[in-house]
Amino acid sequence: MRKQIAAANWKMNLTLQQGEQLLNDILALTHEIKENQQAVFAVPFPYLQMAQQKLGNKQQVFIAAQNVYNKKSGAYTGEVSVDMLQSLGIKTVVLGHSERREYFNETNQFLAEKVNICLENNITPIFCCGEALNIREANSQNVFVGQQLAESLFHLSAEQIKKIVIAYEPIWAIGTGKTATSEQAQEMHAFIRSVFAAKYGNEVANTISILYGGSVKGNNAKELFAQPDVDGGLVGGASLNAQEFVAIINALK
Ligand code: PEP
């Protein structure tokens, strides 16, 4: 079975003390994370070490960065490198979140460079894709998402692509409380898998975990995750609440 993943994206929220308390609360409520499942916490850079020290030795739990730069080192004030993440033991990074694409002008080409530097340094990218409302209304979501995947990922070998996790996040569902229906999510996830199958073959496509993101909550996660091509979720708002996020972990297949 593909890895089933509940990934928390804290974005730019919480103080260090609040973050520590949240992780304590989640630890106290979490019972079993099965072997085919993972819980991932994408926390702000300044909290990576705290989170890694608290959870880094737990089975099936990974701490992730929310971004990384496309250069190894040098005069890039304010940026964070893969070596810095490695030195903290961080092995996962969220790339291409729609907020970074929109507010920080991250393009498909730029993201391809970030994907490369991650894979060259054994860091797993959770690669985000997804369309805005106007694209969905024009029924162009397949073309748009297909292009995001092709331009950022299709230069990779089959061995490399197997190391990527995809997060499909329709922008119209992020932070809006408007979740895609489980049918809409399944339809897009099946499409994304078919795009990988056409390029890399079915066997490779079937190994890639595709997470859904967009207003996932404790009360809708089970139905979304029950879809055959939905392998968990990337969760913003609900990941800031211990009960909600534990319910989401418990909803994994
Ligand atoms: C996200 O930040 O990736 C996200 C999906 O946010 P939310 O769950 O709040 O919609």
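Start at 1 and go down the list; that is how both ligands and their atoms are numbered. In this chain, numbering begins with 1 at the start of the sequence shown.
Annotation: I174 places no N or O atom under 3.5 Å from an N or O atom of ligand 1; distance criterion only. Considering both main-chain and side-chain atoms, L234 never comes within under 3.5 Å of ligand 1 through any nitrogen or oxygen pair. Polar contact with ligand 1: present for K11 (N/O pair, distance under 3.5 Å).
Comment: E99 engages K11 in a salt bridge, judged by a side-chain N to carboxylate O separation of less than 4.0 angstrom.
Contacts with ligand 1 closer than 4.0 Å are made by no heavy atom of C128, backbone or side chain. Counting heavy atoms closer than 4.0 Å to ligand 1, residue N9 contributes side-chain atoms (C-beta onward) but none from N, CA, C or O.
Note that CD of E106 and CG of N70 are 9.0 Å apart. Values are rounded to the nearest 0.5 Å.
Judged by the shortest distance from any of its heavy atoms, H97 lies inside the 4.0 Å radius around the atoms of ligand 1. Using a 4.0 Å cutoff on heavy atoms, A173 counts as a contact of ligand 1. Using a 4.0 Å heavy-atom cutoff, G214 is listed among the residues neighbouring ligand 1.
Applying the 6.0 Å contact sphere to CD of Q109 captures more than 12 heavy atoms from other residues, nucleotides or ligands. Enclosure of atom CD in Q49 is not indicated, since only 12 or fewer non-hydrogen atoms of other residues, nucleotides or ligands lie within 6.0 angstrom.
Between L85 and F45 there is a side-chain heavy-atom pair separated by less than 4.5 Å.
Here W172 sits in one hydrophobic cluster together with L133; the rule is ILVMFWY side chains under 4.5 Å apart, joined directly or through other members.
With respect to atom 4 (C) of ligand 1, the closest heavy atom belonging to the protein is G236 N, 3.6 Å. Shortest contact from atom 3 (O) of ligand 1 to any protein heavy atom: E169 OE2, 2.6 Å. Protein heavy atom closest to atom 9 (O) of ligand 1, with residue, atom name and distance, is G237 N, 2.8 Å.
A side-chain donor-acceptor contact under 3.5 Å links E131 and Y168.
For residues 219-253, every residue pair satisfying the ring-ring contact (aromatic ring centres under 6.0 Å, His included) rule, not counting sequence neighbours, is listed here: F41-F245.
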